[in-house]
Amino acid sequence: MPASLVVFLVAVPLSMGIAVASGAPIAAGLVAAVVGGVVAGALGGSVVQVSGPAAGLSLVVAQLVHTYGWRATCMITLLAGLLQLLLGAFRVAKAALGVSPAVVHGMLAGVGVVIALSQLHIVLGGQSQTSAFENIIELPSQIVNNHSHAVLVGLLTIGVLLVWSRVPRLSVVPAPLAALVIAALTAAVLGWDLTRVDLSGGFSSLESPILPQGDWHAIAGAVMLVALLAGVESLLTCVASNRQHDGPRADLDRELAAQGVANVVSGALGGLPVSGVVVRTTANARAGARSRWSTVLHGVWVLLFTAGFAWMIALIPLEALAALLLFIGVQMVNLGHVRNLRSHREMPIYFVTMGGVVVVGLAEGVALGLGLAALLALRRLAWISVVARQAGDRWRVVVTGSLTFLGVPRLAEALAKIPPGSAVELDLNLDFMDHAGFETLHAWRQEHERGGGTIDIDEMHGEWYAAAVSGARMLPARTPPKHERFWLPWAYRRHVVDPVRQADSPCAYDEVCENGPDGEHAADGAQAVPDLLQGTREFHRRTAPLVRPLLHRMAGGQTPSHLFITCADSRIVPNIITASGPGDLFTVRNIGNLVPRGSSGSSGPPDDSVCAAIEYALKVLQVRTITVCGHSGCGAMSALMSEAPELPALRSWLKHGHRSLARFAAFPGEDDDAGPLDRLCRVNVIQQLDNLETHPLVNELVRAGNLELTGLYFDIAAARVHVLDREHFSAVPELRRG
């Protein structure tokens, strides 16, 4: 109920103002408000959207009234409603969301400019012209020959609109209603000579619709224009309304069908076209509406008010309504939308649409905006970047984007810079390659290789080139992207083209992972396995440009959060199993992730390297967590359980694990089905945590609650990390399930 009253107070002045801007009877705007509230509100797909006459449609309605007359315009509204109802029945509402928001916002901004220019003449006491261009030409003479009373009431109305919403105590009453009431009372008290709103006869003055006369092609176009513009505005408002409440989500097809029924009824009763409107929908949601009844009741209040208090409406000066419309028109040029579009590089669409609506017309402006949006989308889809640079004795060419016939000239120009006989690294980061692009690239490759050059082709996003060479069909919608390769061992990596054999490798990634580096395809891929230096080159080519800004900021020092003590086993990569990056972990790696005990309880020769890392991490880096991470199948633990190999230094080092072995023997854990070796690996982690507490500095910080010790266990076969329970040497149940 409270929300319905708020929307009612907003709807009455706006509906009358939009009727004036549309060149329609005042009562037509009120009829559209009633029908939009009762019919569209009851049948619509949104629980908070409010429908009624919209300022965005006023320009096209004004053109229709000028061309066909008011009664024929009502029939066009009725036919547009039938078309909307048909579109809703075929469930095509979501297709309207494919219209670029830049076009919609540009259209509304253009309509706002046209409304503001036309109503400015009325505020100055004159008459608006038939086009925005004529309004601009006539504006200087209107300013010189203005009527003082009209200007005063217009300035008063705009002043109230600007100030009213800024005063919290006054904002309970909607600013448009307050502005019109104050303007009407002031004009009546001071006796200003103004034009009053004519609402004689109320709803009874409305006439029934008639069929428009003229070119049926133009009439059909007008019907489609009204149906599509009203439908798109309604659906976009409906989508926006979902973000303003926590109730059920909107059903777009139902909303479009409801808008069609409302326009059929409104046109039949002699009302304006109906669509969802942002201002009233926002007011409804902010007022606390929780169901569609607030929308329905606001239409009932408009009906009762018009039927019982039409004489009050007749006191409103027409110049005050024009000032209200002028204010609304300026607000429709939303700079917030411009800033949002700027980040997506869609400002040209916005301004072209707005300029087209102002200079040429609504339909033409929208068509220009849609055409430009399509051209820019095509340009982005066909965008290609080709960078060719010389790095030492090799050339590197990076091709990014969509390689179509539109990008062939740029590709050919870049490839022509590469001298014959040179070694080339060609990185293809393509999301599409058409036949023209493939032919150009393949022909250049063959010619370059015949001249003694070598080409190393690496496709990082879909194997378009390899598929084209082999004659396979590449389906971008169904082909999953290639895995990122930074975590793959060198033996599992491959290049698409073997530069020595000059033939495409038949081994796919999944086959390599299944067969392993020693599988049946190992011989084919052996020549492409990169060594350490090739790995650094790959880092320089791909990863360094991405992490360089981050590392540049971190070059002055490190602030890790963890001291991470783990095994030197080559299968353990701390940054992968913890999803951490540069600067997160201060890492110590040794055989068996052992921590020699403090000087008072050392079971072996002193080892200052681990102790130095602990002291530095706690004193200098001030980490607050020390993590010991063991793993399954640890070779050090296996050596502890059997006889250590004849390696003197290793035997000496493994003495730091004797307490782990003793602890394992004291707690055999018969119910543990993981096997004795893996149980020892877990027991060892817990023992190393106990060893840490023999260091005075660690013990002091732990007792003070300023340091946390954590044990992790990495199951290599399952690729799963567990947090260990120090009491039972087992994974914490919650994490094991997770």
Side-chain angles (χ1 to χ4, degrees), residues 14 17-18 21-23 51-64 76-77 80 83-84 87 93 95-119 131-133 135 221-240 256 259 263 272-281 325-326 328-342 344-377:
L14 292 182
I18 292 168
S22 303
S51 300
L57 292 172
S58 60
L59 181 58
V60 67
V61 173
Q63 293 174 345
L64 293 176
I76 292 175
T77 300
L83 180 57
Q84 287 180 325
L87 293 174
L97 302 180
V99 178
S100 170
V103 175
V104 177
H105 295 317
M107 178 197 75
L108 294 177
V111 171
V113 171
V114 173
I115 290 175
L117 288 173
S118 63
Q119 299 307 307
S131 68
F133 184 71
N135 281 321
V223 171
M224 292 185 63
L225 181 63
V226 173
L228 294 178
L229 291 180
V232 169
E233 186 171 356
S234 298
L235 295 174
L236 292 177
T237 303
C238 196
V239 172
L256 182 58
Q259 295 292 330
N263 276 308
L272 286 170
V274 171
S275 75
V277 279
V278 175
V279 175
R280 275 158 273 182
T281 300
L325 285 170
L326 172 62
I328 293 173
V330 172
Q331 285 188 318
M332 291 173 70
V333 185
N334 192 325
L335 296 180
H337 291 153
V338 177
R339 287 191 293 269
N340 293 335
L341 295 171
R342 180 181 181 182
H344 295 281
R345 294 181 293 177
E346 292 184 339
M347 289 181 63
I349 303 173
Y350 178 88
F351 286 111
V352 165
T353 305
M354 182 177 70
V357 170
V358 173
V359 177
V360 185
L362 184 64
E364 294 83 355
V366 171
L368 287 173
L370 290 174
L372 180 59
L375 288 175
L376 290 180

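The structure displayed is predicted, hence computed values, not measured ones.
- Minimum interatomic distance between Leu256 and Gln84 (heavy atoms only, all atoms of both residues): CG-O, 3.8 Å.
- Of all heavy-atom pairs spanning Ala55 and Met332, the tightest one is CB-SD, 3.9 Å.
- The CG atom of Leu325 lies 7.0 Å from the CD1 atom of Ile18; values are rounded to the nearest 0.5 Å.
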Counting only pairs under 3.5 Å, give me each side-chain donor-acceptor contact of residues 222-236, with atom names and distances, residues two or more places apart or in other chains.
{"residue": "Ser234", "atom": "OG", "partner": "Ala230", "partner atom": "O", "Å": "2.8"}
{"residue": "Ser234", "atom": "OG", "partner": "Gly276", "partner atom": "N", "Å": "2.8"}

Under 3.5 Å, which donor-acceptor pairs link side chains of residues 104-111 to any protein atom two or more places apart or in another chain?
{"residue": "His105", "atom": "ND1", "partner": "His337", "partner atom": "ND1", "Å": "3.4"}

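- Qualifying side-chain hydrogen bond (donor to acceptor under 3.5 Å, both in side chains) partners for Ser58, counting only residues two or more places apart in sequence or in other chains: none.
- Only one option out of Leu64, Val61, Ile76 pairs with Pro273 in a side-chain contact (heavy atoms from CB on, under 4.5 Å); it is Val61.
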Only pairs under 3.5 Å count here: list side-chain donor-acceptor contacts from residues 348-374, not counting sequence neighbours, and write none if there are none.
{"residue": "Thr353", "atom": "OG1", "partner": "Ile349", "partner atom": "O", "Å": "2.7"}

- request: Give the intermediate values and the outcome of side-chain contact (heavy atoms from CB on, under 4.5 Å) for residues Glu346 and Leu376.
  value: CA-CA 9 Å; Glu346 292 184 339; Leu376 290 180; over 6 Å; no
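- Side-chain atoms of Gln259 and Ser51 include a donor-acceptor pair closer than 3.5 Å.
- Using a 4.5 Å heavy-atom threshold, the side chains of Thr237 and Val277 count as separate.
- Minimum interatomic distance between Val60 and Leu57 (heavy atoms only, all atoms of both residues): CG1-O, 3.1 Å.
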message: Let's go through Ile115 and Leu59 carefully: what are the C-alpha distance in whole Å and the side-chain angles of both, what is the deciding distance for side-chain contact (heavy atoms from CB on, under 4.5 Å) to 0.1 Å, and is it a yes or a no?
response: CA-CA 8 Å; Ile115 290 175; Leu59 181 58; 5.9 Å; no
